[in-house]
Structures are given as structure tokens and as C-alpha cells.
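Numbering of ligands and ligand atoms starts at 1, following listing order.
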Amino acid sequence: MKQILNRYFAFLFGILIALIAGRYTCGQMPGMPQSRHHAWSDTSLSPDARADLVIKEMTLDEKIQLLHGLGWLATVVPPESGPGTRAISSLGFIPGIQRLDIPDLQMSDSVVGISGAGAKGRYATALPSGEAMAATWDPALSYETGTMIGNELRSIGFNMSLGSGINLIREPRNGRTFEYKGEDPLLAGTLAGQELKAEKALHLITDLKHFAVNDQDEGRYTANSIIGKRAMRESDLLAFQIALKDSGAGAVMCAYNEINGVHACENEYTLSDVLKKDFGFKGFVISDWGGTQSTVKAALAGLDIEMPGNDSFGAPLKKAVESGEVPTARLNDMVHRILRTEFDSGIVDNPAKAQSPDVMRGFEVAQKIEEKAAVLLKNERSQLPLNAASIKSIAVIGGHADVGVMSGGGSSQVSPAGGNPVPPPPEIANNPLSVFLESVYQRSAPLKGLREKAAGAQVKFDPGTDVASAAALAKASQVAIVFAVQHESEGMDLKDLSLPDKQDALIEAVAAANPHTLVVLETGGAVLMPWIDKVSAVVEAWYPGIRGSEAIANVLFGSVNPSGKLPLTFPRSEADLPHPVHVNQPAVDANHPVQHLAGFPGLVGVFMKIGPSFDVNYDEGLKVGYKWYDAEKKPVLFPFGFGLSYTTFAYSGLSVTAGNSTSVTFTVKNTGKRAGTETAQVYASLPDAAGEPPKRLVGWTRVDLGAGESKQVSVAVGRERLEVFDEAADGWKLVPGKYVFRVGGSSRDLALEEGVSF
Ligand code: BGC
């Protein structure tokens with residue numbers, strides 16, 4: 001970890017230099033095409049035809065120019081591509097071809113909101129985490145979120161988004177869990193697909209990352225993911241396949257790690273055989289920042305753009321083309337993929353125009369996501385919802401709930417408007433890795449939301465740093481609410497799944513002092529809960545985003561009936577994980593050669609290829625997440641798909657009509673006294689001959705039901721959802737036999753089942 005460069009620090013520093021030098025001009029719109037007429041200007045032509053017309057006009061240098069960023073130094077000082085155009089974010093900028101009116105590519109990370117905005121002094125909405133979005137199981141809301149993100153990107157002038165991240169949660173200690181969308185490929189792929197479809201509809205190039213099997217961040221530059229083809233195709237790669245099909249995303253970002261001994265950005269199997277041929281992907285492959293390992297090998301394997309530098313795809317690529325090592329046909333294919341994506345997405349014909357972001361719309365979407373994402377994990381004796389009219393005193397404890405809500409660190413970090421209300425201690429603030437290490441809180445204080453709801457009650461706050469004082473306040477209050485936080489960040493993994501900073505002991509002490517103790521978790525993913533039997537209610541709020549305060553208060557007081565369902569399993573202990581011990585990067589010999597970062601002399605070798613590669617054996621194979629716990633018959637703390645409501649639901653009347661699209665029909669009834677929403681889930685158990693884990697998610701639907709109301713619903717299950725990947729035949733097949741469809745409210749609560757034969 002120590003060896004990883006804080007390039008973001010460098011980036012911010014660079015912005016400062018640029019501002020001082022007066023080079024950066026706010027509001028200037030980049031890459032606006034002129035109204036000159038070109039052969040390709042005819043919008044009735046296909047994107048492919050238009051791309052070919054541009055290529056005919058291009059020189060070799062112009063072609064190479066489109067295939068890389070401007071070098072690592074350019075990430076420090078915002079570069080200019082020529083008169084009138086300049087980088088909005090120096091982290092992701094490729095100058096266009098002015099002579100031909102081909103626009104600059106202006107990229108921003110936007111997994112949980114736009115992370116490049118704050119550095120430019122611009123505002124962007126801090127959304128709840130990716131895991132929170134996944135907990136909504138709501139594709140329509142994903143689309144709405146994509147529209148909001150897309151509008152904010154355009155309002156700043158970005159024309160390409162660097163999200164969504166859909167690496168599956170194989171290793172729950174992964175420090176980027178909060179960015180991703182759970183452990184199931186159908187859930188992750190469907191939600192990301194809708195988000196990016198919406199962004200594309202707003203004329204943005206969209207991107208899916210990190211391709212592929214980049215399932216831990218510890219040692220991410222040197223980790224070698226070992227995994228079988230079938231396991232890969234049916235899990236991590238399937239998530240990408242689904243998202244690409246649904247979204248028409250224009251870019252795929254290859255990851256840092258190796259896959260079966262070959263770097264992801266020079267891996268012919270994943271990039272060419274699977275992505276470009278099998279998935280029919282017509283867009284371009286862009287390397288993760290610093291993930292390009294070679295020139296010829298990478299170009300021939302399928303990499304199209306090197307970012308952010310030009311070490312491999314600048315002069316060396318030109319040379320390789322001139323010598324014939326990289327054929328001109330491949331060069332033209334690389335350029336074609338970029339240009340056809342620019343035309344297909346509409347960034348050429350419909351360039352972004354700077355405008356003020358719609359802040360209120362951002363608030364609305366952030367709140368809506370969090371209200372649908374919060375998962376009610378426990379609610380003994382209906383402790384929740386709290387009754388605002390009768391409650392007299394509440395102790396709010398810990399988690400900096402008096403000033404904000406937790407968010408995740410690294411490249412996806414949305415700058416907190418107004419700054420971090422919990423300033424880091426000097427040893428972190430002054431650490432060049434602060435962007436990873438600093439726990440950034442968004443300014444949305446749960447305490448405020450609770451006070452507004454319980455206007456007649458005394459609502460007191462204790463920071464939770466002194467257990468005795470917190471317990472005393474809890475004892476003197478009718479209800480105690482502990483806010484427990486866990487910070488996650490890119491660039492590092494969690495040491496374990498326990499709440500940090502002695503919060504378990506705090507919860508135990510508070511629960512011992514007051515039997516009405518509720519815990520609100522702000523975590524990136526799963527945590528262990530040794531105190532679970534001692535508290536009366538638990539709400540998983542994830543990283544709640546800029547309207548966390550309002551959303552959490554609405555859930556706790558019942559203005560919103562919780563409907564979130566877990567997108568990942570919460571295990572009982574780390575001993576139950578596929579890899580009880582996290583696979584860490586071995587200690588690095590100080591003399592080990594490091595990758596040279598050309599053009600960045602002061603920082604040579606500080607953060608890229610450090611140490612020899614080490615194997616991470618994904619020998620659990622197909623058994624990712626719940627599939628592992630099912631196959632191993634392990635009890636869990638809370639299963640995949642689990643989430644309670646303030647009402648109850650009953651399932652009945654299952655009928656399954658098999659076909660190319662199998663129709664799974666059943667009735668869900670709200671058996672309680674208040675309106676609620678149930679996410680009804682459909683799983684399939686394949687015939688034994690398929691050699692699959694016990695079941696897989698094949699569909700779901702969110703059902704809104706008034707008190708006592710019943711609805712019959714149908715979930716269509718495409719044939720491809722039932723297939724397995726046949727390595728020998730290198731294709732998908734449906735194994736003949738009996739398929740059992742199971743329906744219910746979580747992966748471990750499936751009241752209905754019916755078998756059909758295929
Ligand atoms: C991250 C990517 C991100 C890129 C640009 C990399 O470190 O892995 O997710 O898009 O930086 O910020």
C-alpha cells in the first residue's frame with residue numbers, strides 16, 4: 001500500500017499549479033465541433049460508415065493521437081489540445097482532431113456521482129454507493145439514476161463516463177465493494193445496463209469496468225486471478241455480457257490484474273475472443289489508468305486506448321505500425337472503434353453544453369435510491385418504525401451522525417460539498433495517499449433528520465468514543481440508535497469484516513444499557529455482527545449519499561417502508577468464506593524492478609508494477625456469493641436477497657410455463673397492515689447433470705402492494721438464463737432435464753417451487 005502513488009494528490013496539486021498559472025478557464029466548453037461540412041457530416045449514414053469516412057482523411061499521427069492520453073505528466077497539468085479546447089479533467093482527456101472536427105474525449109469517473117467535478121470547483125451529487133443501488137433491485141431507478149448522472153456529466157462538459165463498476169463480490173473484503181453491484185451477474189449486469197443505457201441516451205460514451213476478474217484491490221497491479229473458463233463466463237464475464245447487451249456501452253475498461261497469467265489489458269482471450277467476438281462488442285477497450293503493459297502484445301490482443309499515458313501507445317505504437325508489427329488493419333480497427341462509438345453515442349452531433357447542474361433533481365434521486373436501498377435486517381417485536389408522537393427521548397450514538405454520512409474513497413469519491421465535516425488527523429491529511437485513507441463524510445447529518453422527525457422528543461448525541469458515556473446516555477433514553485461506520489477505499493482491501501475502531505464493543509455496551517437499541521450500519525458491504533442477538537433492530541444503510549439524513553429518518557420513522565434486499569451475502573464468520581484468509585501481496589524485495597513511468601521522473605516506479613505477480617486462486621469457481629454458501633450448506637448471518645419490511649408478504653399459486661421464454665407466474669399478498677413493496681425473486685435449480693451450484697437467480701420483480709392487497713405477477717426467464725457454458729464446445733448449452741423454479745422473498749426463503757422439463 002505504501003508504495004502506491006497518490007496520483008490524485010498529484011492531480012489536485014496540478015490543478016492548483018494550473019490555476020495559479022491562470023491556464024484553466026472555468027466554463028469553457030471543450031471539443032465543440034465546428035459547423036464545417038465533412039464527408040462524414042451526413043447523419044443518415046451509419047456510425048460505421050461515418051467512421052470509415054473520417055479514417056480516410058486521417059494521417060498516421062492523427063490516428064495514433066486518438067489511441068492514448070497525453071502522458072502521466074498531463075494528469076498533473078490540464079493539457080490543451082489546441083486553440084479553444086482543453087481538458088476539463090486532466091485525469092481523462094484525449095485531444096480530438098481539430099482539423100476534422102473530431103471532438104476531444106473528456107472523461108470522468110461517475111460510479112456514485114461525478115468524481116472529477118469538485119476538483120474543478122463544480123458541484124456534483126453524491127449518490128448512495130453502488131452496493132446501495134444494487135440493494136434497490138430496481139432497474140427503472142437505475143435508469144433514472146443514469147439520467148441524473150448523465151445530465152450532471154453533460155452540465156460540466158464531460159462526454160464520457162468511467163462507470164459503472166460491476167466486478168462481482170467474490171472477495172467481500174475487497175475495498176471497492178461499495179462501488180460494485182453485488183455478487184450475482186444477473187443483478188449487477190441488469191442494473192448497470194439500465195444506468196448506462198440512460199447515460200447513452202443523453203449522448204455520452206459509457207464504460208463498464210474493470211474487465212475482468214479484478215475482484216480484490218489489495219495488490220491489484222500484480223494479482224494474477226486464476227479461474228476456469230466456465231466459471232469466468234458464468235460469473236464475472238456474464239455480468240459484463242448482460243450489461244453490454246442492455247446498455248450498448250461504448251467502452252470497456254480492462255483491469256490491472258492478470259487473468260490466468262496474462263494481463264487483462266493484453267489478454268486476447270478476454271478482450272478479443274470473448275468481448276469482441278462472442279459478445280459482439282463494437283466499442284473500444286480502454287486501459288485502466290496505468291494498466292497498459294506493452295505495445296504490440298496489447299494492441300494485438302485487443303486493447304484500443306492506453307490511459308492516461310502514452311508510454312506504449314504513443315511513439316512506440318507508431319513505430320510498431322511502421323515496422324508492420326501492428327498491422328495497419330488493426331490500427332484502423334482501433335481508430336474505427338473509437339470513431340464509430342463517438343458517432344453512435346451522439347457526442348459528435350450533440351455535444352454537451354455547459355449549464356448549472358440541477359441540484360434539486362440530484363437530491364431527489366439520491367434520496368429515492370437510499371429510501372429503496374436501506375435493508376431492514378432485524379426488527380424484533382416491531383421495534384421499528386419509531387413512533388414520532390410517543391417517543392420522548394432518543395440517544396444517537398457514534399458514526400459522526402451529528403455531521404454527516406460515510407462515503408467510499410478513491411477515484412469514485414465525489415467531493416463533499418462544503419468539505420469533509422470530519423477533517424482527518426494530520427497524519428492522514430498530510431499523507432500522499434490521503435484520497436484513499438481519508439474517511440470522507442457527506443454533509444447530511446442523520447441527527448438532524450431524526451430531530452426533525454421526533455420534534456417532541458429530546459434527541460441527544462454522543463460521539464461514541466467513550467463507551468461509558470455512550471452507555472450512560474443510552475440508559476437515560478427511551479431508544480438508543482448506534483450509527484456504525486466502516487470505511488472502504490480503492491487501492492486497499494479491508495483487513496477483515498469486523499466493524500473497525502471498537503464499534504462492536506460500543507454496540508454491546510449500549511445494548512446492555514438499553515434493550516431498545518437499534519443499529520444503523522453505514523458500510524461498503526458485509527460486516528460481522530457479534531452483537532446481533534443483543535440489539536432489537538438493524539438497518540443496513542450502506543453509504544447513504546447526500547440525502548442520507550432524510551432517507552434514514554424516513555425509514556426509521558416509517559414514512560418509508562423499507563424494501564431493500566441484500567445484493568450480497570452477510571456471512572456468519574470469515575471462516576465461512578471461500579477464502580477464509582485474504583490473499584495478500586507477498587512482501588516485495590526492495591530491489592525488484594519497477595515499471596518506469598515515462599515523463600514522470602519524480603515519481604518513477606512509485607505506484608505501478610511493483611513486485612512479482614502473485615496468484616489469487618478463485619477455486620470456488622462457479623460458486624460466487626450465495627452459490628458458495630448454498631453448495632457448502634453453510635448457514636449465513638443474512639442471505640443474499642434478504643430484507644424485511646414493516647409489513648409481511650405471502651406467496652402462492654406458482655405456475656411455470658416452459659418455453660424459449662419461460663413464464664413464472666405467482667401471487668404475492670401483503671398480509672400486514674401497511675402498504676409495502678416486495679422484491680419477489682425467482683431462482684432456478686438446474687438438472688444434476690449440469691454440475692451447477694444448487695440454484696441461481698433468474699429473475700425478479702418489485703411488487704407494490706397496499707395493506708391486504710394481492711397481485712398476480714409474471715417473471716419472464718429467457719432460455720439463456722438457464723444455460724451453462726460448455727468449455728469443450730466453447731459455447732452455451734441447455735442441459736436437458738428437470739429445472740426447478742423456486743420463488744420467494746430471499747435466496748433462503750423460497751416458499752414456492754415447481755419443476756418443468758426441457
Ligand atoms: C481506477 C478506475 C478509474 C481510473 C481513473 C483507476 O485507478 O481503477 O476505476 O476509472 O483510475 O480515475
Side-chain angles (χ1 to χ4, degrees), residues 1 3-12 14-15 68-70 72 74-76 78 87-94 105-120 124 129-130 149 153 158 160-167 174-181 192 196 199 205-223 240 249 251-257 263-265 284-292 305-309 408-415 433 435-436 488-493 595 597 603 606-610:
M1 182 63 231
Q3 296 141 314
I4 302 174
L5 162 77
N6 179 1
R7 64 190 153 73
Y8 301 95
F9 175 78
F11 163 61
L12 292 178
I15 297 296
H68 60 79
L70 295 184
W72 280 98
T75 63
V76 180
I88 300 175
S89 161
S90 47
L91 267 185
F93 176 69
I94 298 182
L105 281 187
Q106 301 273 7
M107 312 167 196
S108 173
D109 284 300
S110 52
V111 169
V112 292
I114 295 151
S115 59
K120 317 311 298 180
S129 65
I149 295 175
L153 281 165
F158 290 114
M160 175 165 171
S161 90
L162 300 173
S164 202
I166 50 168
N167 293 97
N174 183 353
R176 299 187 86 169
T177 298
F178 75 96
E179 291 189 47
Y180 299 144
K181 291 189 160 59
L196 297 194
E199 290 179 18
I205 296 181
T206 57
D207 163 65
L208 280 163
K209 65 189 185 186
H210 308 87
F211 198 72
V213 210
N214 178 193
D215 297 343
Q216 71 170 50
D217 237 39
E218 156 76 32
R220 62 180 175 170
Y221 306 116
T222 47
F240 281 89
V252 168
M253 184 187 290
C254 53
Y256 292 121
N257 53 291
H263 272 104
C265 290
F284 59 88
V285 176
I286 181 168
S287 78
D288 200 342
W289 271 225
T292 307
I305 289 185
E306 172 188 11
M307 284 304 285
S411 58
S412 67
Q413 178 77 65
V414 176
S415 314
L433 301 174
V435 74
F436 300 117
E488 269 184 9
S489 176
E490 175 183 340
M492 64 188 78
D493 286 353
Q595 181 179 306
L597 297 181
L603 299 162
V606 185
F607 75 109
M608 293 312 299
K609 176 87 180 166
I610 296 158

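- Looking at every heavy atom in both residues, Y256 comes nearest to G290 through CE2-C, 4.0 Å.
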Determine whether R176 and H210 satisfy the following criterion, side-chain hydrogen bond (donor to acceptor under 3.5 Å, both in side chains), listing intermediate values before the conclusion.
CA-CA 11 Å; R176 299 187 86 169; H210 308 87; 3.2 Å; yes
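- In the model, E199 has no side-chain atom that pairs as donor or acceptor with a side-chain atom of T206 under 3.5 Å.
- Of the N or O atoms in R176, one or more lie within a sub-3.5 Å distance of an N or O in ligand 1.
- Residue contacts with ligand 1: M107 is excluded, as none of its non-hydrogen atoms falls under 4.0 Å.
- Under 4.0 angstrom from ligand 1, the non-hydrogen atoms of E490 all belong to its side chain.
- The shortest heavy-atom distance from M253 to ligand 1 is under 4.0 Å.
- Closest approach of L208 to I166, counting heavy atoms only: CD2-CD1, 3.8 Å.
- Using modelled atom types, one finds no donor on one side chain facing an acceptor on the other under 3.5 Å when comparing Y221 with H263.
- Against a heavy-atom cut-off of under 4.0 Å, H210 is close to the following atoms of ligand 1: 2 (C), 8 (O), 9 (O).
- The R220 neighbourhood of ligand 1 comprises atoms 7 (O), 8 (O), with distances under 4.0 Å to a heavy atom of that residue.
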